[in-house]
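Predicted model only: the values in this text are computed from it and were never measured. Throughout, a chain's letter reflects where its sequence line sits, starting with A, and its residues are numbered from 1.
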Amino acid sequence: MSGAERSYRIALRAFPKQYREEHGEEVIATILEGGDGWCPRLREFFGLFWAGIAQRSLAAGGVKTAGSVRAGIRLGAYFLFWLEASNATATLVHFHRYGRHGLALDVGAVVIGVTVLLALSRGWWAAPITLVLAWELGSAAFLGGSSRWLPHSGAGFIALWALAFLPALLCLLARPRKHEPRDLRSPLAAIAAPALGALMGWQWSALYTNLWIGLAYTTLLVAWLILGWRDLRLSIALSTIAMYFGLDNALRLAGDATIGLSVGYVERFAVVELVILLIAVVPIAIGFGGRRRRA
Amino acid sequence: MRAPTFFTLAALLDGPLHGYGIIKRAEGLSEGAVHMTAGTLYGALERLSREGLVVEEGQEIVAGRARRYYRLSDEGHAALDAEAERMSKAAAVVQKPEGVAASTARRRPAKAHPRPA
């Protein structure tokens with residue numbers, strides 16, 4: 001078996017088992033017929049991987065679910081990028097605490113945030129993650145900034161960050177179609193993005209000050225109920241940011257000795273993280289289950 | 001109907017083809033505009049099979065690998081004809097006969113050019 005075939009077989013694992021057993025060999029044969037057989041083509045690899053993910057979601061919930069999952073993940077990534085800009089703006093307002101170094105970092109982050117939004121509004125999905133990572137790398141390397149997203153030590157940190165970025169990565173691999181950015185321009189997304197971003201930012205600062213954390217989550221829950229928990233896209237978006245912040249906060253708690261690891265504090269953090277994941281994941285499960293029954 | 005779906009159906013107009021054959025034929029018919037990956041093709045074939053537009057037409061083993069053939073069903077022919085008709089009507093909106101085009105051009109407001117002094 002050539003290296004290319006091995007790679008394609010890994011991507012083929014994204015398909016449901018039944019489809020793989022029925023068409024797997026045929027799909028591999030088709031790809032290999034068009035290539036030299038030794039060097040895997042990235043376009044084919046990711047095309048196959050995404051087709052498998054789409055096939056799974058189609059099998060689970062019908063035609064509309066695949067689009068909802070994709071749009072939900074994108075929406076989640078959009079909320080994250082929005083939050084990055086919001087956080088940077090908030091820090092900029094209080095820049096006297098950080099001095100010029102901090103100012104340079106925050107101005108850069110705001111510029112990146114605005115550029116990200118412009119790029120997303122034009123449907124350039126690959127641009128945001130590139131820009132943000134470039135800024136994080138640049139600020140850590142040249143401005144002495146403490147990056148939020150880059151691992152500080154150990155392979156475990158890298159693995160965790162990779163996991164946190166998985167939804168955003170999937171969002172990039174899912175080749176966007178021309179009509180999809182409309183989702184992000186809808187009034188619902190326009191209201192939801194800053195609201196969720198602000199609430200998450202509040203929760204983030206609450207972690208340091210140890211205040212209002214419960215209220216922040218309650219407000220988030222209420223906001224989400226108002227915004228529509230039946231919307232599969234919003235549920236997936238919320239679970240994406242919940243995963244991100246859960247990991248972010250867990251790393252902060254584990255890595256920052258100044259926060260203090262009192263047992264009650266960690267337990268409270270674990271409970272609220274669990275609650276937010278449940279409120280995000282349960283409707284997704286109900287949605288999928290309901291669609292499957294109807295199918 | 002999206003372009004890959006349309007050209008997948010169109011590729012089967014002349015008779016049954018296997019996966020790679022469909023990709024190459026679609027690429028040729030679209031003059032290189034549609035270059036499908038295997039993922040795109042099999043996603044489209046799965047959907048078209050479920051809708052009854054494409055049916056499997058046996059398989060053979062070539063160099064130890066399975067090669068499955070697909071053909072257009074009667075519904076597939078009808079869907080392709082309907083889509084071609086729709087596209088032709090859409091094209092006719094902008095590609096009018098000579099006389100009509102000229103009159104359309106006359107109705108367009110002329111750009112204001114500054115007169116030479």
Side-chain angles (χ1 to χ4, degrees), chain A residues 1-2 4-5 7-16 18-37 40-59 62-67 70 173-180 295, chain B residues 1-9 11-12 16-30 32-71 75 79 87 90:
Chain A
M1 189 187 294
S2 68
E5 185 174 346
S7 303
Y8 295 140
R9 284 190 187 280
I10 290 171
L12 197 65
R13 305 283 300 177
F15 282 85
Q18 192 188 344
Y19 186 88
R20 228 165 43 226
E21 284 172 358
E22 204 173 326
H23 293 278
E25 290 304 317
E26 182 193 351
V27 173
I28 295 291
T30 299
I31 299 176
L32 293 179
E33 205 172 340
D36 59 15
R41 283 168 297 164
L42 280 182
R43 186 169 173 265
E44 285 288 359
F45 180 87
F46 289 128
L48 196 59
F49 180 76
W50 178 250
I53 299 285
Q55 193 78 259
R56 273 184 194 274
S57 59
L58 281 173
V63 177
K64 285 186 178 173
T65 310
R70 198 160 37 200
L173 297 182
R175 285 167 297 162
R177 295 182 181 131
K178 282 181 183 170
H179 68 276
E180 282 177 350
Chain B
M1 199 181 277
R2 292 176 57 228
T5 310
F6 178 80
F7 281 104
T8 299
L9 290 174
L12 296 173
L17 282 174
H18 66 290
Y20 187 64
I22 297 174
I23 291 174
K24 294 311 286 179
R25 183 95 179 109
E27 200 176 335
L29 287 173
S30 66
V34 172
H35 181 63
M36 286 185 284
T37 64
T40 311
L41 172 72
Y42 283 97
L45 284 176
E46 171 72 8
R47 200 176 57 254
L48 293 170
S49 299
R50 214 171 31 239
E51 291 168 3
L53 305 184
V54 162
V55 284
E56 290 178 16
E57 175 97 341
Q59 67 175 37
E60 61 179 2
I61 305 295
V62 178
R65 294 187 188 279
R67 184 182 266 189
R68 194 169 284 160
Y69 283 82
Y70 298 86
R71 71 169 171 80
E75 290 86 352
M87 288 163 78

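Minimum heavy-atom separation, H18(B) to E33(A): NE2-OE2, 3.3 Å. Among all heavy-atom pairs drawn from I31(A) and A38(B), the shortest one is CG1-CB, 3.3 Å.
Environment of CD in Q18(A): sparse, with no more than 12 heavy atoms of neighbouring residues, nucleotides or ligands closer than 6.0 Å.
For L12(A), no part lies under 4.5 angstrom from a heavy atom of chain B. Proximity to chain A is absent for every atom of L45(B), based on heavy atoms less than 4.5 angstrom apart.
Rounding to the nearest 0.5 Å gives a distance of 10.5 Å between CG of L48(A) and OH of Y42(B). In this structure, the separation between CD on E56(B) and CD on E22(A) is 6.5 Å, given to the nearest 0.5 Å.
Between the side chain of E26(A) and the backbone N or O of G19(B) there is no donor-acceptor pair closer than 3.5 Å.
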